[in-house]
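Single-structure report; data block below.
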Amino acid sequence: MITEQLAALVRKAVLAARDAGDLPLDDTEVQVSLETPRNKQHGDYSSNIALTLKKATGIPDSREIATRILKHLPADSGLIERAEVAGPGFLNFYLNPSWLHDMLVRIEQEDQRYGASNERAGETVLLEFVSANPTGPISVVNGRAAALGDVLGNLLAAQGCTVRREFYINDALNSTQIDKFAETIAVRYMQHLGYPVLMPPRDPSAESVVEPPLAPPEDGRERPPIPFPENGYRGDYMKEIAREILEEFGRAYEHLEQAERARAFRDAALQRCLNMQRSALEAFGIVYDCWFHESSLYENGEVERTLATLKARGFTYEKEGALWLCSTQFGDDKDRVLVRSNEKATYIAADIAYHDNKFRRGHDRLINIWGADHHGYVSRLKAGIAALGYDPNRLEIILTQMVSLLRDGEPVMGGKRHGNVIELKEDMLDEIGKDAARFYFLLSSYENPATVDLELAKKQSNENPVYYVQYAHARLCNILRRAEEAGISVRPAHAVHRALLAHPAELDVLRKLADFPEEVALAARDYAPHRLTRYAMDLAGLLNIFYENCRVLSGQEETVPAELTEARLALVNGARITLRNLLGLLGISAPERM
RNA sequence: GCGCCCGUAGCUCAGUGGAUAGAGUACCUGACUUCGGAUCAGGUGGUCGGGAGUUCGAAUCUCUCCGGGCGCGCCA
């Protein structure tokens, strides 16, 4: 990559200067960092090495240090055209145009692989993301995690990692949440059979309300109201699932005990809820390698075995009838219950077993993406796997901040239908589409709370950054198409006069294209897909400027020399490849026409 | 109360300790009806929440105050 090559050159120069006696330096490590200056006047790349060596060399004038380093800079690298000392002592570098021109050859050769590397080949990563409870719809916050996780997967794969995407289904039989879910379904089922439902108030000071039956009773006889479960799931989607359950199971379950009814419906209802989640995620372009059932950890004894291991390693104790994990020994702020006094294992017990399972399957690195509201949970899970003897640093937990939606300048509130959650598919995807939703999610860093203005993302779609980027791609494709129609073949980059690409707009595009592999690597390293959406906007902008200033094909008013057309077609093709790969990494379509 | 995160242009957000803090959008002005105008050029707009410190240099690191979000279950 460019900065690595440049850094190597500068390091060489520093050492040469030292060996020649120009720089009084010990054997201290020479750390060279390169940056791209904001200001174009300051070159394509710049290094602050002279400023940082002030102390070590004892030379107070950084410009003097810079000058001495410059003297020893290898001249034959081919990468840089010139270098100069500027400002308080920066070394500014200007890339050699012919080196830039040759990027087009490389881009064409690598084609689908341009931007990718084998830097992290051999590393296996398990990415777990979304993992929403199977008791409700996929929310907008889940959507942000989904976009982040999916693109992170693409990025890591592009660095050579073997990536596995996984969704953890919290379907344990001993989960109180699942019990509530099943009970709620059972009550709604009865409501479909003609029973009123007694809804407890949300806030204790209010009165209970009786909801009428969802359908008249078959025999017309009025039924007594059934109490809605305490902390049950209030969303209307539960009524829909219950109606489907009624269709599947028939009316015969009316006279069972409430608990039995709940048990009978539980699995089928969960499955329906899960299908709802899966189709929402598929509409968002997310496909998992594995949907992992928490329940399987109980069925094949892994929870038991993990508990036994923790006991054997001496990190548990019994208190008040429960089994506790000594998580404070591993940095947690309090010890945690693994097995309740009613003998049911807790969520964390299963989760530790799950992460043990992830490691046992041979993954080097585990990445979990959670909502920020789970941050209190991080240290206890890490403590759990540390207690099992794993290095907790092999597990990385990314916490995404909240997302809110704005419509007409007002925050979008979750509808009653979805139990007051803002739903990904209906509140967002159906309105602005998959591509725009992904782009907006990926526009800001996951570390910061984000707001998506739906009016902006949809109604003014022409001004939308995502369309701006896609339009640039479609334009490039159009030029290539027109060339073909005119009988002009797109010759390979190595066979054209690349030196003709000397217009500033052309060189700007080339520099941006050359940056792409590094940009991908940084986005992967920092878990920062938003770097790529920014890059995409930059590149699209440069391409439009190029388009405005540099005609590729001869037209009625302007004729372009054949050789220049060839060279520009090569540039167009290289840009097309880069933009297409970029959008591919983001999971956003790259249309050839719009 | 304790812990974590966040305060950057009217709005939404970038900004790896570096040079004059940027982009999109909004608003104003102009170009061009083309290899698709879903375009381009220019302009208005900032005490980087306040204060102190660290150093050659701070939006970035430290401390403190103010403001906002989230978490502190034998729930998940």
Side-chain angles (χ1 to χ4, degrees), chain A residues 3 33-39 41-42 46 48 51-52 54-55 60 62 86-90 92 131-133 135 170 172 175-178 180 231 294 319-324 333-334 336-342 344-348 350-351 371-379 399 401-402 406 409 440 443-445 447-453 456-457 460-465 467-468 470-472 474-476 478-483 485-486 522 525-526 528 530-531 533-534 537-538 541 544-545 547-558 560 565 568-569 572 593-594:
Chain A
T3 56
S33 69
L34 266 292
E35 64 179 69
T36 54
R38 316 173 185 285
N39 193 331
Q41 307 293 316
H42 298 143
S46 118
N48 61 354
L51 287 86
T52 63
K54 216 178 203 175
K55 238 179 208 161
S62 303
F90 291 101
N92 293 344
S131 301
N133 284 335
T135 53
N170 305 130
S175 152
T176 48
Q177 304 280 336
I178 299 292
K180 291 290 174 210
N231 298 320
E294 180 185 5
K319 191 179 85 179
E320 295 161 6
L323 182 71
W324 296 69
D333 33 311
K334 49 178 102 161
R336 307 292 172 177
V337 170
L338 291 169
V339 181
R340 299 166 212 167
S341 48
N342 66 8
K344 288 182 175 180
T346 57
Y347 180 81
I348 182 71
D351 214 14
D373 53 340
H374 286 67
H375 72 80
Y377 193 80
V378 172
S379 51
L399 300 174
Q401 295 294 321
M402 300 303 166
L406 233 52
Y440 272 91
L443 204 46
S444 58
S445 155
E447 297 172 280
N448 294 338
T451 307
V452 177
D453 188 333
L456 212 89
Q460 306 183 329
S461 62
N462 291 359
E463 309 299 325
N464 215 315
Y467 291 101
Y468 184 81
Q470 289 179 319
Y471 180 67
R475 252 184 166 177
L476 296 174
N478 191 55
I479 294 175
L480 295 170
R481 201 160 45 229
R482 295 290 293 246
E485 285 165 10
L522 289 174
R525 186 197 68 185
D526 298 339
H530 73 278
R531 294 186 68 113
T533 46
R534 304 274 161 182
M537 289 167 71
D538 288 349
N544 281 325
I545 294 169
Y547 183 89
E548 200 72 17
N549 290 287
C550 306
R551 214 186 150 83
V552 178
L553 305 172
S554 291
Q556 290 183 333
E557 289 172 15
E558 189 180 349
V560 184
T565 291
R568 286 182 171 165
L569 282 173
V572 166
R593 303 167 196 267
M594 291 174 74

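Predicted model only: the values in this text are computed from it and were never measured.
- Minimum atom distance to the side chain of A:Arg593 is reached by B:G36, of the listed B:G36, B:G22, B:C35.
- Across the protein-nucleic acid pair, A:Leu338 atom CG and B:G73 atom C1' stand 15 Å apart, rounded to whole Å.
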Which protein N or O atoms sit under 3.5 Å from an N or O of nucleotides 56-61 of chain B?
| from | atom 1 | to | atom 2 | distance (Å) |
| --- | --- | --- | --- | --- |
| B:A59 | N6 | A:Arg38 | NH2 | 3.4 |

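- Under 4.0 angstrom from either OP1 or OP2 of B:C13 there lies at least one side-chain N or O belonging to A:Thr451.
- Expressed to the nearest 0.5 Å, how far CG of A:Asn170 lies from CD of A:Gln177 amounts to 9.0 Å.
- At a cut-off of 3.5 angstrom, counting only N and O atoms as typed in the model, there is no donor on one side facing an acceptor on the other between the side-chain of A:Thr176 and the base of B:C75.
- In this structure, A:Met537 atom CE and B:A23 atom P are separated by 11 Å, rounded to whole Å.
- Nucleic acid contact for A:Lys334: sugar-phosphate only, since backbone atoms but no base atoms lie under 4.0 Å from a heavy atom of the residue.
- For the P atoms, the distance linking B:G49 with B:A21 amounts to 15 Å, nearest Å.
- Counting only distance, with no hydrogens or angles, the side chain of A:Thr565 and the backbone of A:Leu553 share no donor-acceptor pair below 3.5 Å.
- Side-chain nitrogen and oxygen atoms of A:Arg475 include none within less than 4.0 Å of the OP1 or OP2 phosphate oxygen of B:G36.
- No donor-acceptor pair closer than 3.5 Å links the side chain of A:Asn92 to the backbone N or O of A:Ser46.
- A:Leu34 has its CG atom 14 Å from the P atom of B:G17, to the nearest Å.
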Legend entry - Derivation and outcome, side-chain contact (heavy atoms from CB on, under 4.5 Å), residues A:Leu480 and A:Leu569: CA-CA 7 Å; A:Leu480 295 170; A:Leu569 282 173; 4.0 Å; yes
Inset, instruction - Sugar-phosphate atoms are those with a prime plus P, OP1 and OP2; base atoms are the rest. Using that split, label each nucleotide of nucleotides 40-46 of chain B B, S or - for protein heavy atoms under 4.0 Å, 5' to 3'. - result: SS-----
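- The separation of B:C11 from B:C5, taken at their C1' atoms, amounts to 22 Å, rounded to a whole angstrom.
- Here the straight-line distance linking atom CG of A:Asp351 with atom OH of A:Tyr377 works out to 4.0 Å at 0.5 Å rounding.
- For the pair A:Gln470 CD and B:G24 C1', the interatomic distance rounds to 16 Å; values are reported in whole Å.
- Using atom C1' as the reference point in both B:G18 and B:A38, the two lie 38 Å apart (nearest Å).
- As judged by a 4.0 angstrom heavy-atom cut-off over every strand, A:Asn133 is placed among residues touching the sugar-phosphate backbone only.
- Between A:Gly376 and A:Asn478, the residue whose closest nucleotide on RNA chain B is further toward the 5' end is A:Asn478.
- With values rounded to the nearest 0.5 angstrom, A:Arg551 atom CZ is found 8.5 Å from A:Glu557 atom CD.
- Within the 4.0 Å cut-off from OP1 or OP2 of B:G36, not a single side-chain nitrogen or oxygen of A:Arg481 is found.
- Within the structure, every side-chain polar atom (N or O) of A:Arg568 is placed at least 4.0 Å from both OP1 and OP2 of B:C35.
- Counting non-hydrogen atoms under 4.0 angstrom, A:Arg531 reaches nothing in the nucleic acid.
- Taking atom P on both B:G15 and B:A9, the two are 15 Å apart, rounded to the nearest angstrom.
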Atom pairs, N/O to N/O, protein against nucleotides 68-70 of chain B, distance under 3.5 Å?
| from | atom 1 | to | atom 2 | distance (Å) |
| --- | --- | --- | --- | --- |
| B:C70 | O2 | A:His375 | NE2 | 3.4 |

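- In the model, A:Asn478 has no side-chain atom that pairs as donor or acceptor with a side-chain atom of A:Arg475 under 3.5 Å.
- Distances shorter than 4.0 Å separate some side-chain N or O of A:Asn448 from OP1 or OP2 on B:A14.
- Rounded to whole angstrom, the span from the OH atom of A:Tyr547 across to the C1' atom of B:A38 amounts to 12 Å.
- With 3.5 Å as the limit, one finds no donor-acceptor pair spanning the side chains of A:Tyr471 and A:Asn544.
- With C1' as the reference atom, B:A19 and B:G1 are 46 Å apart, rounded to whole Å.
- For the salt bridge (charged side-chain N to carboxylate O under 4.0 Å, His left out) test, no residue two or more places apart in sequence or in another chain qualifies with A:Asp333.
- The backbone N or O of A:Val339 sits nowhere less than 3.5 Å from a side-chain atom of A:Thr346 that would complete a donor-acceptor pair.
- Contacts of A:Lys344 classified as side chain to side chain contact (heavy atoms under 4.5 Å, CB included), with partners at least two apart in sequence or in another chain: A:Asn174, A:Asp179, A:Arg340, A:Asn342.
- For A:Glu447 against B:C5, a side-chain-to-base donor-acceptor contact under 3.5 Å is absent.
- In this structure, the side chain of A:Arg534 engages the main chain of A:Leu443 through a donor-acceptor pair within 3.5 Å.
- When the C1' atom is compared between B:A59 and B:G46, the two are found 11 Å apart, to the nearest whole Å.
- Rounded to whole Å, the separation between the P atoms of B:G10 and B:G67 comes to 22 Å.
- In this structure, the aromatic ring of A:Phe90 is not positioned over the six-membered ring of the base of B:G18 within 5.5 Å between centres and 30° between planes.
- Atom CG of A:Asp373 sits about 9.5 Å away from atom CD of A:Gln401, to the nearest 0.5 Å.
- If you take atom P in B:G69 and the same atom in B:A26, they sit 30 Å apart, rounded to whole Å.
- Straight-line distance from the OH atom of A:Tyr377 to the C1' atom of B:C4: 18 Å, rounded to whole Å.
- Contacts of A:Ser341 with the nucleic acid, taken as non-hydrogen atoms under 4.0 Å apart, include base atoms.
- To the nearest 0.5 Å, atom NE2 of residue A:His42 and atom CD of residue A:Glu35 are 10.5 Å apart.
- Atom CD1 of A:Ile479 sits about 10.5 Å away from atom CZ of A:Arg568, to the nearest 0.5 Å.
- A donor-acceptor contact under 3.5 angstrom links the side-chain atoms of A:Ser46 to the base of B:A19.
- Stem regions annotated for RNA chain B: B:1-7 with B:66-72, B:10-13 with B:22-25, B:27-31 with B:39-43, B:49-53 with B:61-65, counting only runs of 3 or more consecutive pairs of Watson-Crick or G-U type with both contacts under 3.5 Å.
- A straight line from NE2 of A:His530 to C1' of B:G24 spans 15 Å, rounded to a whole angstrom.
- A:Ala483 comes within 4.0 angstrom of nothing in the nucleic acid, heavy atoms only.
- Looking at heavy-atom distances under 4.0 Å, A:Thr36 makes contact with a base.
- Distance, A:Asn464 CG to B:C11 C1': 15 Å, rounded to whole Å.
- Counting any heavy atom pair closer than 4.0 Å across all strands shown, A:Tyr440 reaches no nucleic acid atom.
- In terms of position along RNA chain B, the nucleotide closest to A:Arg534 lies nearer the 5' end than the nucleotide closest to the other residue of the pair A:Val339 and A:Arg534.
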Inset, instruction - Determine, stepwise, if the pair A:Val378 / A:Leu399 fulfils side-chain contact (heavy atoms from CB on, under 4.5 Å). - result: CA-CA 9 Å; A:Val378 172; A:Leu399 300 174; 4.3 Å; yes
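- Residue contacts shown for A:Met594 include a base, since a base heavy atom lies under 4.0 Å away.
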